[in-house]
Amino acid sequence: MTNDPEKFDSMLLAMAQQHEGGVKDLLSTIVGFLARKTDFFTGGKDGEWEQVVKDTFYVHAKKAREEANKIKKEKEEAEKRLKDIQQRKEQERLAQDFEPAKVTEITDQEAAEMQEDIERDKIKTEVGGGEGSGSDKESDNIPDEEEDPKEKGKLKPNAGNGCDLEHYRWTQTLEEVES
């Protein structure tokens with residue numbers, strides 16, 4: 001055999017393309033050539049040609065299987081790397097979205113000031129609740145809350161885990177949501 005395994009590829013490809021029956025017809029043409037133009041089948045001992053064919057086919061079949069297994073293994077490794085990268089990105093995204101709460105210690109004086117602010121807010125709410133409708137309470141609470149920029153412009157659920165619209169109001173229970 002020659003040093004360059006692809007030396008005859010262009011000729012063999014041209015031959016293969018002309019055989020409508022595929023590989024079987026191509027092999028038949030090659031074996032027919034060997035039978036007509038060489039002493040491949042008659043020149044050696046009985047059955048020697050069979051061993052030559054088997055050995056040649058097994059060598060090339062082994063190489064083809066090894067190459068296919070190598071490609072399969074590389075593909076699986078690439079898929080695993082891709083999956084790991086996607087999983088890592090998802091974990092990073094979740095970590096950014098859901099940063100854990102931080103505990104900050106405050107002094108007694110700061111705690112007292114916060115308590116006074118809370119009590120002042122309660123008094124405002126009680127006084128505001130007697131004068132106007134329930135919608136005044138909601139509008140008073142909105143500026144005090146720190147809104148997530150992602151939630152800006154979205155409707156907030158009502159006390160019944162539903163929604164209050166201008167002409168329509170609805171609520172739902174957990175049982176209704178799960179079914």
Side-chain angles (χ1 to χ4, degrees), residues 3-10 12-14 16-17 22-24 26 57-179:
N3 292 339
D4 183 12
E6 298 179 6
K7 181 177 180 181
F8 300 106
D9 282 0
S10 59
L12 292 170
L13 183 61
Q17 289 172 339
V23 175
K24 287 183 180 180
L26 176 63
F57 272 82
Y58 287 136
V59 166
H60 289 284
K62 182 180 177 185
K63 287 179 185 178
R65 276 194 300 273
E66 288 172 354
E67 185 65 26
N69 289 339
K70 180 182 171 186
I71 291 170
K72 182 180 177 183
K73 184 178 178 182
E74 289 173 356
K75 183 178 178 182
E76 288 172 352
E77 289 173 359
E79 287 175 356
K80 183 181 178 190
R81 283 193 304 269
L82 179 63
K83 186 176 179 182
D84 289 344
I85 289 170
Q86 289 173 340
Q87 193 174 30
R88 211 172 323 129
K89 284 184 180 182
E90 180 68 16
Q91 288 174 351
E92 289 173 4
R93 186 187 65 78
L94 288 174
Q96 289 174 352
D97 288 350
F98 301 106
E99 291 184 23
K102 296 178 182 176
V103 176
T104 306
E105 292 192 29
I106 58 172
T107 63
D108 291 337
Q109 182 181 1
E110 291 173 329
E113 289 174 5
M114 289 177 85
Q115 190 63 35
E116 288 174 12
D117 288 342
I118 292 170
E119 288 177 12
R120 267 190 258 129
D121 287 344
K122 283 183 183 178
I123 293 170
K124 284 182 185 178
T125 303
E126 290 172 3
V127 172
E131 294 175 357
S133 67
S135 62
D136 290 339
K137 281 187 198 177
E138 292 173 12
S139 63
D140 286 345
N141 289 339
I142 291 173
D144 293 341
E145 296 178 8
E146 293 182 25
E147 289 190 21
D148 185 8
K150 294 178 185 175
E151 299 296 320
K152 192 172 186 175
K154 293 184 179 177
L155 294 174
K156 299 209 183 301
N158 61 19
N161 199 24
C163 185
D164 294 326
L165 302 173
E166 187 176 340
H167 298 290
Y168 186 74
R169 175 186 179 142
W170 61 275
T171 61
Q172 62 185 1
T173 64
L174 185 57
E175 183 177 295
E176 292 171 331
V177 173
E178 289 178 343
S179 60

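Note that the structure is predicted; figures quoted are calculated from it, not measured.
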- Query: Could you state the interatomic distance from CG (D121) to CD (E119), rounded to the nearest 0.5 Å?
  - Reply: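 Nearest 0.5 Å value for the CG-CD distance: 10.5 Å.
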- Task: To the nearest 0.5 Å, tell me how far R65 CZ sits from N69 CG.
- Result: 8.5 Å
- E79 side chain reached by K75 side chain, heavy atoms, under 4.5 Å: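 Sidechains of E79 and K75: in contact.
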- Message: Applying side-chain hydrogen bond (donor to acceptor under 3.5 Å, both in side chains), can you list everything that pairs with R93, at least two apart in sequence or on another chain?
- Response: E90, D97
- Query: Of all residues at least two apart in sequence or in a different chain, which pass the side-chain hydrogen bond (donor to acceptor under 3.5 Å, both in side chains) check with D117?
  - Reply: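 Once residues adjacent in sequence are excluded, the partners of D117 under the side-chain hydrogen bond (donor to acceptor under 3.5 Å, both in side chains) criterion are R120.
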Can you name the side-chain contact (heavy atoms from CB on, under 4.5 Å) partners of [X], sequence neighbours left out?
| X | answer |
| --- | --- |
| L26 | M15, A16, H19, I30 |
| N158 | D164, R169, T171 |
| Q109 | T107, E113 |
| E77 | K73, R81 |

- Above 12 or not: heavy atoms from other molecules or residues under 6.0 Å from CG of D108?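 For D108, atom CG is not crowded (no more than 12 foreign heavy atoms under 6.0 Å).
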